[in-house]
**Student:** 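This is the structure, below, for whatever I ask next.
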Amino acid sequence: MPTADPVVSAIAEKYRNNPTYVLQILRETQEALDWISPETVETVAAQLKIPRTRVQSVLQFYSFLYDKPRGRYRILFADNITDRMAGNIALFEHMLSRLKLKRGEVSSDGQVSVDLTSDTGMCDQGPAMLVNNRAIPRLTMRRIDEICALVKERVPLEEWPADYFRVEDNIRRRETLLTSIAPGVALDAAIARGRQGMLDEIKRSNVRGRGGAGFPMGTKWEGARNAPGAERYIVCNADEGEPGTFKDRVLLNSFSVRVLEGMAIAGYATGATKGFIYLRGEYKHLQAKLQREIDEMRASGRLGASIRGAPGFDFDIEIHMGAGGYICGEGTAMVESLEGKPGRPRVRPPSMVQVGYRGKPTVVDNVESLAHATEIAVEGGAHFAKRGTRFSTGTKLLSISGDCERPGVYEYQFGVTIGRVLEDCGAKAISAVQIGGASGVLLTPDDFSRRIAFEDVPTAGAFMVFGPDRDIFEVARNFAQFFAHESCGFCTPCRVGTTVQRNIMEKIAEGRGSRYEINELKRVVAFMQRTSHCGLGETAGNAVRDALSKFRPAFERRLRAKDFEPAIDLERALEPARRITGRDDAEAHLETES
Ligand SMILES: Cc1cc2nc3c(=O)[nH]c(=O)nc-3n(C[C@H](O)[C@H](O)[C@H](O)COP(=O)(O)O)c2cc1C
Ligand code: SF4
């Protein structure tokens, strides 16, 4: 094994010893050394000339960085609800038994650890796992046996069969976005319109952000363009951490020209000269391909100085890898992460378009939003606005998973009914659909005539289907676990609320719940929604709230006592005290006190 110093020096020098890149440096160092030891922390701090505590805070924040040995093969099974439905736990337990391991434990030879993680963006082809952040979808018992054999024989990951790592696009329906535009065409169209003209077309299109909130893209771009100062940034939000969402994965894999040129067009219209793609760690398999595309764009004059010969149109793009953390998808947390800090949401105002990356005006846009910019550059805003509805123009990608015959990515004009989508994906006798992921809404057949649109059912794209035999309590429980794991801990309502919510759901699952717990759940959900600092906490109770209101019997049948069941057994808790004091008389027992 190489010693830390030369490895760290080489990686840090690649990043010009710039502390802003500390997360990237730690990530790459871990790839080389398998974990980040206290000595490595010291070396990184010394090399970057920053306090050790700063390195430590980054190391501890990101779930894919390890401050303890985790083995040469670090295996994480996706534990999203759709992975559960596809049988991930049986596969997980099979692997633990084959490798004679307990969950999270490192094998005695220091080779392998096996654990669970949240969603990996592979819900259309689960169950899935990550091995050293490389995704392996479509797991079966046989594949698990093969992987165990490779691990036992210590075969390097690079020599594992390439087919294991094949991630399918699963495109099932296309309109205008899931089609290619030849390289350079959208850039030329934008240049022909001029900077102000391009911005006007974005505004005319009424295109709204596809990352969830639906903020008008033209207003955001104009805000950044008009903000004081000469330096501006574009950030492409490719964190895609919402359970059940995977459409950005497909855009980045097969339509990267549109995404990257969309970023350059955003730079042109706003005056930004630098762009970042914040790519979630789980999408490591896309990193090299995207980098090749960026290099090719530079070589062909589609990135760099005077793009396509247009004087002053200078723009370049850099990939920044995430390292685990759903919260980093939140725009301000993402910018913190880009600056080499823990990804904690900022206090707003000021908005990102005023004070963003390194204090400069910054546009954070979703992958899908940026890809739409190429379409608007080519066909104009008015034409774009003809598709969809009045308040939700254009098309929307849906990531469909769960109980349906054809999971995958579907493109529809806004305004499509939920019923139509269910029909297209081959979903029959459905009892519920979770739209918008864990933070979204749970809809039942009465709602299936409702429409996918910002004015009716808004969504960033997740569309999870649950058949008649699914236990919706388990769905809500899985989401409650997700939020307790993903809360960044910055504010008390969310840090405590998500844990309390998870614990109550566990208590009910164990058959120890009562009406008291149901009321507590309602209280916690309302409290988180009202008082949390960011969208994560505000929406962390949505799934439990909806499940409670629409599937109450799924909770009721688990309740043992109807009124109250204490969370701890006080009589048992007094046992150590009795032992220490040597008492066992009647008065040392609770029952006699009443
Ligand atoms: C907890 C949390 C996670 C988020 N994750 C993502 C994400 O993975 N991708 C995304 O585009 N937006 C995500 N967002 C929304 C972003 O904060 C931001 O609104 C969006 O990137 C803006 O781009 P848009 O206007 O193109 O939608 C998230 C928000 C929250 C509160
Ligand atoms: S709401 Fe949750 S995720 Fe957001 S800042 Fe507070 S603790 Fe962090």
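First listed ligand is number 1; within each ligand, the first listed atom is number 1. Scope of the values below: all heavy atoms of this structure, side chains included, with no hydrogens, waters or symmetry mates.
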**Student:** Please assess Tyr412 against Glu175 for the test side-chain hydrogen bond (donor to acceptor under 3.5 Å, both in side chains), listing each intermediate value before the final yes or no.
**Tutor:** CA-CA 7 Å; Tyr412 288 100; Glu175 294 224 359; over 6 Å; no
**Student:** We want to know whether Arg387 and Thr395 form a side-chain donor-acceptor pair, criterion being a heavy-atom distance below 3.5 angstrom.
**Tutor:** no
**Student:** Is there a polar contact between ligand 1 and Gly211, counting only N or O atoms under 3.5 Å apart?
**Tutor:** yes
**Student:** Who's touching ligand 2 if we go heavy atoms under 4.0 Å?
**Tutor:** Ile327, Pro345, Ser487, Cys488, Gly489, Phe490, Cys491, Cys494, Ser532, His533, Cys534, Leu536, Gly537
**Student:** Hey, is Arg172 close enough to Asp124 for a salt bridge, meaning N to O under 4.0 Å?
**Tutor:** no
**Student:** If the condition is side-chain contact (heavy atoms from CB on, under 4.5 Å), which residues does Phe490 pass it with, not counting sequence neighbours?
**Tutor:** Arg344, Cys488, His533
**Student:** What residue and heavy atom of the protein are closest to atom 3 (C) of ligand 1, and at what distance?
**Tutor:** Glu330 N, 3.7 Å
**Student:** Between CD of Glu201 and CD of Glu379, what distance do you get to the nearest 0.5 Å?
**Tutor:** 10.0 Å
**Student:** List for me each residue that meets ring pair (Phe, Tyr, Trp, His ring centres under 6.0 Å) alongside Tyr410, sequence neighbours excluded, and say none if there are none.
**Tutor:** none
**Student:** Check each of Lys220, Met334, Arg208 against atom 25 (O) of ligand 1 and report the one with the nearest heavy atom.
**Tutor:** Lys220
**Student:** Taking 4.0 angstrom as the limit, do Glu231 and Lys274 come out as a salt bridge?
**Tutor:** no
**Student:** Quick one: ring pair (Phe, Tyr, Trp, His ring centres under 6.0 Å) partners of Tyr21, sequence neighbours excluded?
**Tutor:** Tyr15
**Student:** Assess whether a salt bridge exists between Glu506 and Arg502, defined as any Lys/Arg side-chain N lying under 4.0 Å from an Asp/Glu carboxylate O.
**Tutor:** no
**Student:** Ignoring hydrogens, just give me the one of Ala460, Ser369, Gly343, Gly461 whose non-hydrogen atom is nearest atom 26 (O) of ligand 1.
**Tutor:** Ser369
**Student:** I'd like to check whether Gly331 has a polar contact with ligand 1, where a contact means an N/O of the residue lying under 3.5 Å from an N/O of the ligand.
**Tutor:** yes
**Student:** Looking at ligand 1, does any of its N/O atoms fall within less than 3.5 Å of an N/O of Asn366?
**Tutor:** yes
**Student:** Do Ser337 and Tyr278 get their side chains close enough for a donor-acceptor pair, meaning under 3.5 Å?
**Tutor:** yes
**Student:** Any nitrogen or oxygen of Gly214, main chain or side chain, under 3.5 Å from a nitrogen or oxygen of ligand 1?
**Tutor:** no
**Student:** Could you tell me whether Lys247 and Glu411 make a salt bridge, using a distance below 4.0 angstrom between a side-chain N and a carboxylate O?
**Tutor:** no
**Student:** Identify the closest protein heavy atom to atom 10 (C) of ligand 1: which residue and atom is it, and at what distance?
**Tutor:** Asn237 ND2, 3.1 Å
**Student:** Can you find a side-chain donor-acceptor pair between Asn478 and Glu474 that sits under 3.5 Å?
**Tutor:** no
**Student:** With distance as the sole criterion, is a donor-acceptor pair present between the side chains of Asn206 and Thr393 under 3.5 Å?
**Tutor:** no
**Student:** Looking only at protein heavy atoms, which one is nearest to atom 19 (O) of ligand 1, and how far off is it?
**Tutor:** Ala213 CB, 4.4 Å
**Student:** Does ligand 1 have an atom under 4.0 Å from some heavy atom of Gly241?
**Tutor:** yes
**Student:** Quick one: does Glu240 get within less than 4.0 Å of ligand 1, heavy atoms only?
**Tutor:** yes
**Student:** Just jot down the ligand 1 atoms closer than 4.0 angstrom to any heavy atom of Asp239, in number order.
**Tutor:** 8 (O)
**Student:** Which one of Ser439, Ser487, Gly329, Gly535 has a non-hydrogen atom at the shortest distance from atom 5 (N) of ligand 1?
**Tutor:** Gly329
**Student:** Just which atoms of ligand 1 are under 4.0 Å from any heavy atom in Leu536?
**Tutor:** 1 (C), 31 (C)
